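Reading through the structure tokens given below for one structure.
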Amino acid sequence: MAHYKAADSKREQFRRYLEKSGVLDTLTKVLVALYEEPEKPNSALDFLKHHLGAATPENPEIELLRLELAEMKEKYEATIEENKKLKAKLAQYEPPQEEKRAE
């Protein structure tokens, strides 16, 4: 009987630990979201992984990649704008398309 109470005590401590750290609340929210999902996903485990993964803190490497992506998007937009300006400048020095065909 003493062994049973010790195991029960450890179980209760672990439950309090999970509750205190927010694990129970997070799991409950994800399971409720799955329950309320109108079209159940093929893989409940993938659903849980996806939704729990979104709740975890970001990996520093992922954040660096996001910053790099934003930087590359800015450079891309600047390059597109520069390309438009250069094409317009070039068009001033080239004969119109109709004149080229006549030659």
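A quick note: this is a predicted structure, and the numbers were derived from the prediction, not measured. The figures that follow rest on heavy atoms only: side chains count, while hydrogens, waters and symmetry mates do not.
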Quiz item: What is the distance from atom CD of E82 to atom NZ of K89, rounded to the nearest 0.5 Å?
Solution: 10.0 Å
Self-check item: Pairs satisfying side-chain hydrogen bond (donor to acceptor under 3.5 Å, both in side chains), at least one member in residues 36-48, at least two apart
Solution: S43-D46
Quiz prompt | side-chain contact (heavy atoms from CB on, under 4.5 Å) involving F14 - partner list, sequence neighbours excluded | solution = Y17, L18
Validation: residues 71-81 side-chain donor-acceptor distances under 3.5 Å, sequence neighbours left out:
unit_1 : atom_1 : unit_2 : atom_2 : d
T79    : OG1    : K75    : O      : 2.8

Self-check item: Contacts of type side-chain contact (heavy atoms from CB on, under 4.5 Å), residue L67, not counting sequence neighbours
Solution: E63
Exercise. With sequence neighbours excluded, give me every salt bridge (charged side-chain N to carboxylate O under 4.0 Å, His left out) pair touching residues 16-28.
Key: E12-R16, R15-E19, D25-K29
Exercise. Report yes if some heavy atom in the side chain of L64 is under 4.5 Å from a heavy atom in the side chain of E61; otherwise report no.
Key: no
Quiz item: Side chains of L27 and L48: does their closest heavy-atom pair fall under 4.5 Å?
Solution: no
Quiz item: What are the two closest non-hydrogen atoms of V30 and F47, and how far apart are they?
Solution: O-CE2, 3.8 Å
